[in-house]
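Okay, so here's the structure we're looking at.
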Amino acid sequence: MNSTATTTPVLEVRGLTKRFGGLTAVKNLSFDVHGGEIFGLIGPNGSGKSTAMKAIMGIERPTAGTVRFEGHDVAGQPAHKIARQGFGMVFQHSRPLNRQTVLENIMVALLPDSLFMLFPDKALTERAKWIADRVGLGSVMHRRPPTLPFADLRRLELAKAIARDPKVVLVDEPFAGLTLAEVATFSELIRSFRDEGRAVMLVDHNVKSVAALVDRVLAMYLGEEIVTGRADEVMRNETVRRVYLGGAIETSARPESNFADKVPLLQVENISVHYGKAQALENVSIHVHQGEFVSVVGLNGAGKTTLFNTISGFLPYSGEIIRGGEKLRGISPAHIAKSGIVQCPETRELFGEMTVRENLDLGGQHLEPAEQAKQLEWLFELFPILKQRQGQMAQTLSGGEQQMLAIGRSLMMKPKILILDEPTLGLAPVILEQLSKALEKLRQTTPITVLLGEQNVTFALPHADRVYVLEHARIVWEGDPGRFAAEAGEGYL
Amino acid sequence: MIGFFKSRLFWISLTIVIVASTLPWYVSGYILGLLTVAYYFGVFAMAWDLLFGFAGEVNFGPTFLIGVGAYTAGIINNQFGISVSMCIVIGALASVVAGFVLALPALRVRGPYFGLTTLVAVLILQNFIVVFADLTGGEIGLTIPDVLSIDAGVNYWIALGFMTISAAILYGLSQSPVGLVLQASGQDPVQAGALGFNIVKHKLAAFIVSAFFSGLSGALLVFYFGTASVGTVVDIAVGVQVIVAAVLGGRRTVLGAALGAIFLIVAGEFLRPTGELATFIVSAVALVVILFFPGGFLGSVLSREARQ
Ligand SMILES: Nc1ncnc2c1ncn2[C@@H]1O[C@H](COP(=O)(O)OP(=O)(O)OP(=O)(O)O)[C@@H](O)[C@H]1O
Ligand SMILES: [Mg+2]
């Protein structure tokens with residue numbers, strides 16, 4: 001904790017409320033954030049964390065309440081005005097300018113809001129370079145965003161948010177999708193923002209990292225504050241445990257010998273995939289038995305999504321993919337999906353302007369009406385929030401709610417082989433527990449086969465009968481989850 | 001910006017313009033006339049690309065801006081006999097005013113509504129022209145007493161010069177800091193707002209610039225034709241051609257839009273002997289390019305260069 005934290009707060013939020021139609025996403029929220037302090041916001045999916053940040057930033061107009069910045073109220077002002085007074089925000093999803101270099105992208109953030117700036121300023125370039133170095137983009141600043149790894153794209157977002165030296169920095173889920181090592185670097189960066197005297201607000205579902213980073217944390221549920229305080233106190237709170245943290249995820253692997261009598265249901269043999277000159281998969285072979293749960297563990301960019309997209313028929317490849325003795329080559333993605341290999345993509349691919357219910361019905365459209373109704377009921381039991389939100393447009397759902405909907409839609413298709421690509425991205429611990437139980441129940445009650453791609457091994461291991469490790473386009477390890485920690489766990493645990 | 005003068009693109013463009021400016025000495029008046037029209041279309045397409053490619057707003061009614069400029073210039077020349085150059089300037093300004101009035105409310109609504117508003121504007125203009133036939137010449141068209149020049153070569157040079165200057169300004173603008181902010185607002189308006197940019201202001205400015213060049217080019221075009229008619233400067237089909245030209249040439253490239261327009265006009269004319277087939281062939285080519293080279297002519301070239 002920092003000594004400046006005792007002076008007057010930079011940000012004073014009082015009675016902040018945001019309603020969307022009949023839904024109160026944020027309800028009467030009050031808190032202070034001091035300069036040189038990291039203030040965390042935690043809560044289950046859809047509890048209003050992102051909405052609270054957006055309301056402070058002026059992206060959503062608060063329904064009621066005040067947001068005092070250095071003593072004067074900024075609530076209700078448009079985002080660009082609030083930003084110019086000293087606010088910066090890091091978004092959950094980034095869309096950089098792809099034709100411009102990293103440096104130019106940072107420079108955009110430094111430009112004045114003027115229509116008459118026709119020539120770039122030399123000083124701006126220098127400042128942009130300095131910022132690039134500051135967030136660790138120094139060596140790639142002349143590259144274009146599409147060629148960068150995921151973590152560097154996130155760095156670019158941090159760079160833009162702090163470019164104009166804001167006094168308040170709002171960071172929404174900075175750790176989502178990052179590796180353990182990257183989370184450590186990002187924590188360090190965020191800590192350095194605090195040490196420069198900024199007031200930092202942080203939202204993330206990576207409880208361990210948040211707890212280690214924040215000075216104080218506010219836990220919320222259904223838009224309201226449950227408790228505010230030091231991280232360890234808040235995490236011990238009974239309500240927080242119940243609605244957010246949930247219980248531990250249980251392990252239950254079955255040895256491969258259980259399945260060994262059968263020919264594998266899915267065989268991927270020696271496949272290689274290229275994107276232009278870059279090799280995305282190199283002689284990858286995996287197999288999955290009927291009813292087996294297999295996890296493919298790998299860091300960002302290792303090739304998991306490429307592997308799944310290849311199985312789903314989206315990419316050209318060399319080698320063979322065989323399902324139940326039949327080669328999949330030449331079969332269209334639509335047919336592969338219809339035949340029961342259903343992928344829930346990392347990018348979610350929801351129909352944003354359709355409602356939750358319409359998205360789900362699309363998934364279940366080939367089922368008999370009675371069967372569809374039953375499946376839907378089962379799904380609503382699994383993700384109760386989707387039941388409440390049936391009429392809401394998918395694009396207005398919170399990050400985690402969208403993830404649940406994506407998983408839900410693929411389950412509505414009653415898949416024979418379900419491919420889940422990073423399903424845990426953006427999900428609260430309590431939902432992970434629910435999802436985990438659901439998978440366990442699926443495993444026990446249905447013949448479903450699951451192929452799970454994860455970076456988060458604490459989720460991937462408990463559900464796996466067998467694990468593959470994918471690294472730099474190659475399978476480097478295969479074995480049962482019990483041996484993973486000792487033999488391949490480095491960099492993941 | 002400085003880099004541009006050293007880039008291949010600059011030298012290629014310069015060479016093309018120099019070669020093009022020598023054409024009047026050795027090609028027929030017929031071809032010159034064709035290219036003259038093509039160059040004015042080139043400006044329409046570039047102005048449109050500034051809005052779509054950079055600000056991310058689809059203007060389905062480029063002919064609203066073009067038509068207002070063209071008809072205003074034509075009518076005041078017809079009614080009051082004001083000099084050609086004055087008429088052209090007033091036409092362009094009328095376009096700016098009309099664009100402003102249209103864009104101010106339209107830019108506040110998100111999603112496809114902006115596009116729909118612009119489409120409706122074209123229909124209103126078209127109706128206005130038919131209803132006030134006394135003033136506008138109605139469906140027969142408006143006869144304009146003055147012309148730019150009676151010499152095909154001079155007309156050609158005016159068009160080429162105008163297109164070149166417009167291209168330089170629009171391209172320069174697209175690559176300037178203001179162009180970057182515009183692109184950022186088009187790409188992700190929420191984030192651009194959170195970075196401190198007033199998105200409505202920037203898009204409005206882009207719309208006004210687009211309106212100015214569309215109107216100016218429209219006014220020049222009617223003084224070249226000596227007549228203004230719905231079929232040549234207002235009809236939805238003309239607007240579609242402008243849009244196809246810009247997409248064909250390459251979204252977000254500005255210069256590509258001019259190439260696309262020249263290609264469309266020239267190809268359409270050369271295929272004229274095939275009769276009804278001409279439109280079909282040109283449309284088919286356009287469709288193939290859009291489907292298989294979504295970057296358009298210039299977009300594909302530029303992205304290949306960027307990768308190297
Ligand atoms: N534009 C909108 N219209 C209707 N409801 C909305 C809108 N935006 C958000 N919501 C709802 O408000 C609630 C709060 O959403 P918010 O994004 O703040 O959640 P969150 O706490 O950030 O969740 P997550 O951890 O999943 O990101 C959600 O239930 C969401 O569905
Ligand atoms: Mg959120």
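Residue numbers start from 1 in every chain, and the chains themselves are labelled A, B, ... in the order their sequence lines are given, proteins ahead of strands.
Interface remark: of the candidates B/Val181, B/Ile199, B/Leu195, B/Leu195 forms the most heavy-atom pairs closer than 4.5 Å to chain A. Of the residues considered (A/Gly58, A/Pro96, A/Pro146), A/Pro96 shows the highest number of contacts with chain B, using heavy-atom pairs under 4.5 Å. Per-residue counts of heavy-atom pairs under 4.5 Å with chain B were compared for A/Ala163, A/Ser114, A/Ala161; the largest is that of A/Ser114. Among A/Asn98, A/Leu115, A/Leu110, A/Ile59, the residue with the largest count of heavy-atom pairs under 4.5 Å with chain B is A/Leu115.
In this structure, B/Arg252 contributes its side chain and A/Arg99 its backbone to no donor-acceptor pair below 3.5 Å. With A/Lys81 contributing its side chain and B/Gly196 its backbone, the two residues share no donor-acceptor pair below 3.5 Å.
For A/Tyr275, the OH atom is densely surrounded, since the number of other residues' heavy atoms within 6.0 Å is greater than 12. In this structure, A/Glu353 places its CD atom where only 12 or fewer heavy-atom neighbours from other residues, nucleotides or ligands lie under 6.0 Å away. Shown here is A/Arg19, whose CZ atom has no more than 12 heavy atoms of other residues, nucleotides or ligands within 6.0 Å.
Scanning all heavy atoms of the two residues, the minimum distance from A/Ala79 to B/Ala194 falls at CB-N, 4.2 Å. Nearest heavy atom pair, residue B/Gly193 against residue A/Ala83, reads O-CB, 4.1 Å.
For the pairing with B/Gln191, the side chain to side chain contact (heavy atoms under 4.5 Å, CB included) check across A/Arg95, A/Met89, A/Glu157 returns one residue only, A/Glu157.
Heavy atoms of A/Leu111 lying under 4.5 Å from chain B belong to its backbone as well as its side chain. When heavy atoms are compared at a cutoff of 4.5 Å, A/Gln100 approaches chain B solely by way of its side chain, counted from C-beta outward. Using a 4.5 Å cut-off between heavy atoms, A/Pro112 touches chain B through its backbone atoms (N, CA, C, O) alone. A/Thr147 does not touch chain B: none of its heavy atoms, backbone or side chain, sits under 4.5 Å away.
Counting heavy atoms from C-beta on, the side chains of B/Val190 and A/Phe91 come closer than 4.5 Å. The closest side-chain heavy-atom distance from A/Val108 to B/Phe197 is below 4.5 Å.
One finds the NZ atom of B/Lys201 at 4.0 Å from the CG atom of A/Asp113 (value rounded to the nearest 0.5 Å).
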